[in-house]
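Below is one structure, written out as structure tokens; comments come after it.
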Amino acid sequence: MAFGLGLDCMSIITIVALALLVMIAGGFYVGRSRAITAVEGATAGLHSLPNYHGYYVAIWTGVPAFFLLGLYAIFGGQLVDRLAVSELRAQAAEINRLLDDTLAADTDFIELNHAAENLRGRVDALNDEISALRNARGDNRDPDRLTRLRAEQIEALNLSTAAEDAVRARRQAVVAAVGADAVTDGASERALAGYELAQAPRERRQLFLSDSRRIASGELASRDSVALRAAAQAIAGYDRNVKIGAAVLALALGALGFGLTRARISSQFRARNNVERLVTAALLLSSVIAILTTVGIVLSLLFESLRFFASVPVLDFLFGLQWSPQIAIRADQVGQSGAFGAVPLFAGTAMITVIAMVVAVPIGLFSAIYLSEYAGPKFRQIAKPVLEILAGIPTVVYGFFALLAVGPAIRTLFTALGFESVVTQSALSAGLVMGVMIIPFISSLSDDVINAVPQSLRDGSFAMGATRSETITQIVMPAALPGIVGAILLAVSRAVGETMIVVMAAGQGANLTANPLESVTTITVQIVMLLTGDQEFDSPKTLSAFALGLVLFVLTLLMNVVALRVVQKYREKYD
């Protein structure tokens, strides 16, 4: 059963969008015609060309209206949900007050809640003591006491978890009893829906709204109930009203913009200046959006990283030698105390990246030099597209190749040379395959940069008696160095951010080793592992992914700064 939230309301927005397109086309025609009419066809008397008058009317007819439709597309669903939830909670206010009174009078719930608060206080106190001992230096260090406190922490955490489960169970029992009494007393369906929505846990609340939206639109929901149907009816009503309001307002804005701009058209109207200002404003807005997006990414990483560093000291994270991001939450997890030393991840990332660049930079750069300076047109026409095919191969295919071919070949070779305990998944295998994948990035970009070096520089070198190789090494390569540095930087960023090849070819073990024949892992692999599946974003284990992301961001920023310095230095010399 649908409640009118589907095709009919979606058709309203579609019809309005088509009507606005027609109005934009009409605005351009009317603005242009009105400008020509104002000078009786003598367009030389206009300040701006007739098309600029048309552009001016068309822009103010369509842009505000489509901007409103864009806001509706982004925030319309949230607005509908807020309105529906507000109404449902208002309907359930009486039942919620009855629940609060019942809980306030329930002695079992009060005793369980008091016990849980005491245990939470004990856990917090132990956390503070453990943190103080971790940061202690000299004679204040007491490893034995730290071990005892960790054991007490695990026991207190288990007791606290059990107490909180008991509190939740008792509360749910009271909630169910109050809800049953409300049904008996004849409460409305929307009041019952608001009560269920208000008392559901956060994750169930989102599921409730999702199922209600699906029922309202006639789609298949994960479950069905009277409360869900009542909520769906409320959502459908608000969605219909919001859509109609957005459609009417968009048409009104379009008509208002058309009328006001049409009236301004005259022979002396500076339409070109106004249109160019609008285009400049659009370009500025795009730049601001890009900057704000970057700022948002940085702030999101920073805030979550600060939450992580509130639990784990920064120095332990940056200089710790053991990575085991597991936190004990049950008695059977005593051995998993959590170790967040990220040095093994930094070392693994650096090792695989260095191996990849050792493969990719010489091959990619030499191939670019040959294709641009030595190869004939026919060979270049064939070789360059074939080389660039490597960039289009999915990384999972490279991972399969590394796992099934390169890894076993490396193990066989080094075992025959006398090395022991050589594994199939190794840093060398991942680095070699990743280097092959990165070759097209360096080759193609370097080739374009070398070709962009002015031919006059080559001709001047040849005129002075230099050979082709001397011209390339002394003139062309220094002139192309800024672009080549940019290509190598892009390749390094690609290597640092690669995940699938590392997972399949190098494994997932956080080993601190300088041996490329052993299994290692990287920062990006650990980020994926930490954020995969159902995770609690309040635990240090999950928050450590944001700290790793922040470190990766800072490293990339430093590489960009270094590359920019190189580019500026040599660009000043050869421009």
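Atoms CE and OG, from M351 and S426 in turn, are 10.0 Å apart once rounded to the nearest 0.5 Å. A distance of 8.0 Å separates CG of L157 from CD1 of I154, quoted to the nearest 0.5 Å. Rounding to the nearest 0.5 Å places CZ of R468 at 12.5 Å from OG1 of T473. Summarising the geometry, atom CG belonging to L365 is positioned 6.0 Å from atom CD1 belonging to I450; distances are rounded to the nearest 0.5 Å. Rounding to the nearest 0.5 Å places CG of N451 at 9.0 Å from CG of L371. One distance of note links CG of L550 with OG of S305; it measures 4.5 Å at 0.5 Å rounding.
For CD of Q455, the number of neighbouring non-hydrogen atoms (other residues, nucleotides, ligands) closer than 6.0 Å is greater than 12. More than 12 heavy atoms of other residues, nucleotides or ligands sit less than 6.0 Å from atom CZ of F462. Counted within 6.0 Å of CZ on F67, heavy atoms from surrounding residues, nucleotides or ligands total 12 or fewer; the atom is thus considered open. Within a 6.0 Å sphere centred on CH2 of W60, heavy atoms belonging to other residues, nucleotides or ligands number 12 at most. Residue M477 qualifies as enclosed at atom CE: its count of foreign heavy atoms under 6.0 Å is above 12.
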Indicate every side-chain donor-acceptor pair of residues 430-445 with a distance under 3.5 Å to a residue at least two apart or in another chain.
residue, atom, partner, partner atom, Å
S443, OG, S367, OG, 3.1
S444, OG, E388, OE2, 2.8

Subject >> Verdict with reasoning, L530 to S544, per side chain to side chain contact (heavy atoms under 4.5 Å, CB included) >> reply: CA-CA 8 Å; L530 292 169; S544 63; 3.2 Å; yes
**OP:** Could you check L69 against L20 for side chain to side chain contact (heavy atoms under 4.5 Å, CB included), going step by step and ending with a plain yes or no?
**Re:** CA-CA 11 Å; L69 292 181; L20 288 173; 3.8 Å; yes
**OP:** Let me see the working for L428 and F414 under side chain to side chain contact (heavy atoms under 4.5 Å, CB included), right down to the final yes or no.
**Re:** CA-CA 11 Å; L428 181 60; F414 282 92; 3.9 Å; yes
Original post:
Hey, mind stepping through L403 and Y398 against side chain to side chain contact (heavy atoms under 4.5 Å, CB included) and telling me if it holds?
Top reply: CA-CA 9 Å; L403 181 63; Y398 281 109; over 6 Å; no
Original post:
Can you list the steps and then say if K384 with D448 is a salt bridge (Lys or Arg N to Asp or Glu O under 4.0 Å)?
Top reply: CA-CA 11 Å; K384 187 172 182 180; D448 295 337; 3.1 Å; yes
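Side-chain N or O atoms of N515 include one that pairs as donor or acceptor with a backbone N or O of L517 at under 3.5 Å. In terms of modelled atom types and a separation under 3.5 Å, the side chain of T524 and the main chain of E498 share a donor-acceptor contact. A distance-only check finds no donor-acceptor pair linking the side chain of D316 to the backbone of V312 [under 3.5 Å].
Taking 4.5 Å as the limit, every side-chain heavy atom of L278 sits out of range of all side-chain heavy atoms of Y55. In this structure, the side chains of I382 and K378 stay at 4.5 Å or more apart for every pair of heavy atoms. A heavy-atom distance below 4.5 Å is found between the side chains of L21 and F66. Using a 4.5 Å cut-off on side-chain heavy atoms (C-beta onward), V525 and M529 make contact. For the pair S446/V449, no side-chain contact is recorded, criterion being any heavy-atom separation below 4.5 Å from C-beta on. Looking at heavy atoms from C-beta onward, V551 lies in side-chain contact with F346 at the 4.5 angstrom threshold. Put simply, the side chain of F317 reaches to within 4.5 Å of the side chain of L548, judged on heavy atoms. Between P313 and F309, the closest side-chain pair of non-hydrogen atoms is not below 4.5 Å.
Nearest heavy-atom pair across T61 and I24 is CG2-N, 4.2 Å. Shown here for M500 and V396, the closest heavy-atom pair between the two residues is CG-CA, 3.6 Å. Heavy atoms only, all atoms of each residue included: V343 and L318 are closest at CG2-O, 3.3 Å. The two residues A479 and V453 have their closest heavy-atom pair at CB-CG1, 4.1 Å. Minimum heavy-atom separation, S429 to V406: OG-CG1, 3.8 Å. Heavy-atom minimum distance, V520 versus A427: CG2-CB, 3.6 Å.
Ion pair R213/D81 flagged as a salt bridge, since at least one NZ, NE, NH1 or NH2 atom sits closer than 4.0 Å to an Asp/Glu carboxylate oxygen. Salt bridge present: R458 and E373 bring a charged side-chain N and a carboxylate O closer than 4.0 Å.
A side-chain contact (heavy atoms from CB on, under 4.5 Å) with R277 holds for exactly one of V275, T280, V279, N273; it is N273.
A donor-acceptor pair shorter than 3.5 Å can be found between the side chains of T471 and S461. Between the side chains of R411 and T424, at least one donor N or O sits under 3.5 Å from an acceptor N or O. Side-chain polar atoms of Q425 and S519 form no donor-acceptor pair below 3.5 angstrom.
Aromatic rings from Y370 and F379 are positioned such that their centres are separated by under 6.0 Å.
For the pair R307 and F546, the cation does not sit on the ring face, since its NZ or CZ is not both under 6.0 Å from the ring centre and inside 45° of the axis.
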